[in-house]
Amino acid sequence: MSKKTEPARPEARLPKGLFDVSAGEIRATEGMLAKIRGVFESYGFEPLGTPAIEYSDALGKFLPDQDRPNEGVFSFKDDDEQWLSLRYDLTAPLARYVAENYQRLPKPFRRYQVGPVWRNEKPGPGRYRQFTQFDADTVGASSAAADAELCMLAADTLEALGVERGQYVVKVNNRKVLDGVLESIDLGGDANVGKRLAVLRAIDKYDRLGEEGVRALLGKGRKDESGDVTKGAGLTEKQANLIVDYVRTVENLRETFGSAPIAAKGIDELEEILKLARAAGYDEKRIVIDSSVVRGLEYYTGPVFEAELTAPIADDKGQPIRLGSVVSGGRYDGLIERFTGEKVPATGISIGVSRLLFGLQRLGKYGESATQGPVVVLVLDRDRIPDYQKMAQALRAANIRAELYLGEGGLKAQMKYADRRGAPCVVIQGGYEKAKGEVQIKDLVLGAKLTALDRDEYLKKQEEAQILVPEAQLVENVRAVLARHKG
RNA sequence: GCCGCCGUAGCUCAGCUGGUUAGAGCGCUUGACUGUGGAUCAAGAGGUCGGCGAUUCGAAUUCGCCCGGCGGUACCA
């Protein structure tokens, strides 16, 4: 009876697709967010915050027939048996916000927003169940100028983050053109919804699969390297040819498809966006028309855009990585109408912050610069902790990151701790120094450079990295050490 | 979801066709060592061999199912 049953212990583990964020990553991300924010602010967008949780039906992911939300969103019921969901993007909450506050808002309403979003999907390479988006949207403007401006914003933002011209491209297309093309191969009408979606998905994969892959998807279907089969759209060869021709070239769009009124409208809009961008100095290396851009199938109604890094990116083993788009967006004129019944034009872009950061780091734009740790005040005499605390406080008062060693270890352990924290130097005051009213300041950065062969020599040299100063001059001497190792 | 590859210590891996108490390097803790990071030396901690079941006298090793990871693919607001 002496042996009690082990208490059931939870396993310390992280749900898949979610990640802890280290100090270095947080610093890198925050630096990046600050730059993005700066650009967005300069365009006049105002910040907005909305909660992570919304009613599922407001997000538009409620399945009325099944009485529960879409599987792709994390959902749960509140006390009133109402379905709530974690937001899966920042656009749906914006639509809700605008609809709810419509009378109060200046129109056009232009806001930016940054925050985590969640998707309950299988995680993959560069694909998580929580990730950060940084959005800018203009609500209440139907003009192509609003769309053009977002493309320019995307370009400016990437450049502000250090992506050079030629290392990125903003690609623009228009859903109306796509609709017109589909119509011109007799895929209009309700009967062809399935086929239309299949064709759009195939077009979207042109980048990755090339002409051959797309052709397979348009026709009978495609088998990938692992042997998995994707069903094709079942188009005739003639239809498929037209689609492939369309995707392959942006020339002669009007001649080929202009007879369809929707397509003509879309082409007008595309040309207008391009004209505005060119007038503002954004050339064809930065903003281009790309017929293969499709984007989300559910709500985009006109122009769609995406930006990608064109510079080659490789993983640790040197294998090239297909990063995908780092900015995406488009016009969604029907999203607010869902709530109000009134048509409100809107257009926006979304930066995939996590993915972009990954890409930037791969391109060497954003090293996780190991930030300098705090100055550590060592504890030699336990009963003199108040004195040590005072020294740490004096350093803080002088705007120097400093901490008292709070562990239990001996001097050696404390040195090791300071080393690991990346401390530039430590402050030491034992009985000898105290007696003379002095402190030792040991320069750890310099000390590390003096690693000699044998112990005696090492210890001797170590002393060179250590200065003895009057206690009253602690702050200025620490500051001198810090200055020595800046940058 | 589908297809493929992989699961042995904190990390990287070894363990031949089944055969005593499962190993190495790195890392970690302690000491040699003084009131001082590194190096060296010594000692130590750390493993349900992913889990369950089957075959067998005997399974880390063979087979089945499950779980997890990676990659591809599908879906993707």
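In what follows, chains carry the letters A, B, and so on, assigned in the order in which the sequence lines appear, proteins first and then strands, with residues in each chain numbered from 1. Side chains are part of it too, since the values below use all heavy atoms of this structure and drop only hydrogens, waters and symmetry mates.
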Using whole Å, report how far CG of A:Leu468 lies from P of B:G35.
17 Å
Any idea which of B:C76, B:U73, B:G37 is nearest the A:Asp419 side chain?
B:G37
Between the base of B:U36 and the side chain of A:Gln466, is there any donor-acceptor pair under 3.5 Å?
yes
Could you state the atom-to-atom distance from CG of A:Leu380 to P of B:U34 in whole Å?
13 Å
Could you list the residues that satisfy salt bridge (charged side-chain N to carboxylate O under 4.0 Å, His left out) with A:Arg331, not counting sequence neighbours?
A:Asp147, A:Asp333
Check the angle between the aromatic planes of A:Phe45 and A:Phe40 and answer parallel, tilted or perpendicular using the 30° and 60° thresholds.
tilted
Does the ring center of A:Tyr102 lie less than 6.0 Å from the ring center of A:Phe339?
no
With the side chain defined as heavy atoms from C-beta on, A:Arg127 is closest, among B:A77, B:C76, B:G37, to B:C76
With a non-hydrogen cut-off below 4.0 angstrom, is A:Val117 in contact with a base, only sugar-phosphate, or nothing?
nothing
Looking at side-chain heavy atoms only, is the closest gap between A:Tyr112 and A:Glu46 below 4.5 Å?
no
From the options A:Arg295, A:Lys171, A:Gln133, select the one residue that forms a side chain to side chain donor-acceptor pair (under 3.5 Å) with A:Ser328.
A:Arg295
Students often get this wrong, so: under 4.0 angstrom with heavy atoms, is A:Asp381 touching a base, only sugar-phosphate, or nothing?
nothing
Rounded distance (Å) that lies between atom C1' of B:G35 and atom NZ of A:Lys436
13 Å
If you take any heavy atom closer than 4.0 Å to RNA chain B, which residues from residues 202-220 of chain A end up in contact?
A:Lys205, A:Arg208
Round to the nearest Å and state the distance from A:Asp89 atom CG to B:A77 atom C1'.
5 Å
Go through the structure and list residues passing side-chain hydrogen bond (donor to acceptor under 3.5 Å, both in side chains) with A:Glu121, not counting sequence neighbours.
A:Arg127
Which of B:G71, B:G37, B:A77 is nearest the side chain of A:Tyr299? It is B:A77
Quick one: does NZ or CZ of A:Arg384 land under 6.0 Å from the six-membered ring centre of A:Tyr388, within 45 degrees of the ring axis?
yes
Nearest to side-chain heavy atoms of A:Thr230, which nucleotide of B:G37, B:G72, B:A74
B:A74
Out of the candidates A:Ile385, A:Val427, A:Val376, only one should pair with A:Leu404 under the side-chain contact (heavy atoms from CB on, under 4.5 Å) rule; please name it.
A:Ile385
Is there aromatic stacking of A:Tyr88 on B:A77 here, judged by a ring-centre distance under 5.5 Å and a plane angle under 30°?
yes
Provide the closest heavy-atom pair for A:Ser85 versus A:Leu59 in the form atom of the first, atom of the second, distance.
CB-CD1, 3.7 Å
When you measure only distances, ignoring hydrogens and angles, does the side chain of A:Tyr432 come within 3.5 Å of the base of B:G35 through a donor and an acceptor?
yes
Under 6.0 Å from the CD atom of A:Glu476, do we count more than 12 heavy atoms belonging to anything else shown?
yes
What's the gap between B:G44 and B:A24 when it is taken at their P atoms, as a whole Å value?
12 Å
Rounded off to whole Å, could you give me the CD1-to-P distance for the A:Ile428 and B:U36 pair?
9 Å
Polar atoms only, N or O, under 3.5 Å: list the protein pairs with nucleotides 28-32 of chain B and their distances.
from: B:C28; atom 1: OP1; to: A:Arg420; atom 2: NH2; distance (Å): 3.4

Name the residue closer to the 5' end of RNA chain B, choosing between A:Lys122 and A:Lys16 according to the nucleotide with the nearest heavy atom.
A:Lys16
Taking only residues at least two apart or on different chains, which pairs with a member in residues 402-427 of chain A satisfy ring-ring contact (aromatic ring centres under 6.0 Å, His included)?
A:Tyr405-A:Tyr417
Grab the CG-C1' distance between A:Leu14 and B:G69 for me, whole Å please.
14 Å
Taking atom types as they are modelled, would you say the side chain of A:Glu121 forms a donor-acceptor pair with the base of B:A74 within the 3.5 Å cutoff?
no
B:C52 and B:G71: how far apart are their P atoms, nearest whole angstrom?
28 Å
Would the base of B:G35 count as contacting A:Glu433 through its side chain, where contact means a donor and an acceptor less than 3.5 Å apart?
yes
Suppose you measure atom C1' in B:U56 against the same atom in B:C67; what distance do you get, rounded to whole Å?
26 Å
Could you check how far CG of A:Asn120 sits from P of B:A77, rounded to whole Å?
16 Å
For RNA chain B, what string of dots and brackets results from 5' to 3' when Watson-Crick and G-U pairs need both distances under 3.5 Å, crossing pairs get [ ], and pairs with another strand get |?
(((((((..((((.....[...)))).(((((.......))))).....(((((..]....))))))))))))....
Smallest heavy-atom separation, A:Tyr88 atom then A:Lys61 atom, equals CE2-CG, 3.3 Å
Check whether any side-chain N or O of A:Arg201 sits under 4.0 Å from OP1 or OP2 of B:C75, and answer yes or no.
yes
Please give, in whole Å, the distance from B:G35 P to A:Tyr388 OH?
14 Å
Considering non-hydrogen atoms only, spot the tightest contact between A:Pro15 and A:Arg129 and give its length.
CB-NH2, 3.9 Å
Could you give the distance separating B:U62 and B:C49 at their C1' atoms, to the nearest angstrom?
16 Å
I need the minimum non-hydrogen distance between A:Leu48 and A:Gln113, along with the two atoms involved.
O-CG, 3.2 Å
What about A:Lys449: does its side chain form a donor-acceptor pair under 3.5 Å with the base of B:G37?
no
Rounding to the closest angstrom, what is the interatomic distance between B:G27 and B:C70 at atom P?
27 Å
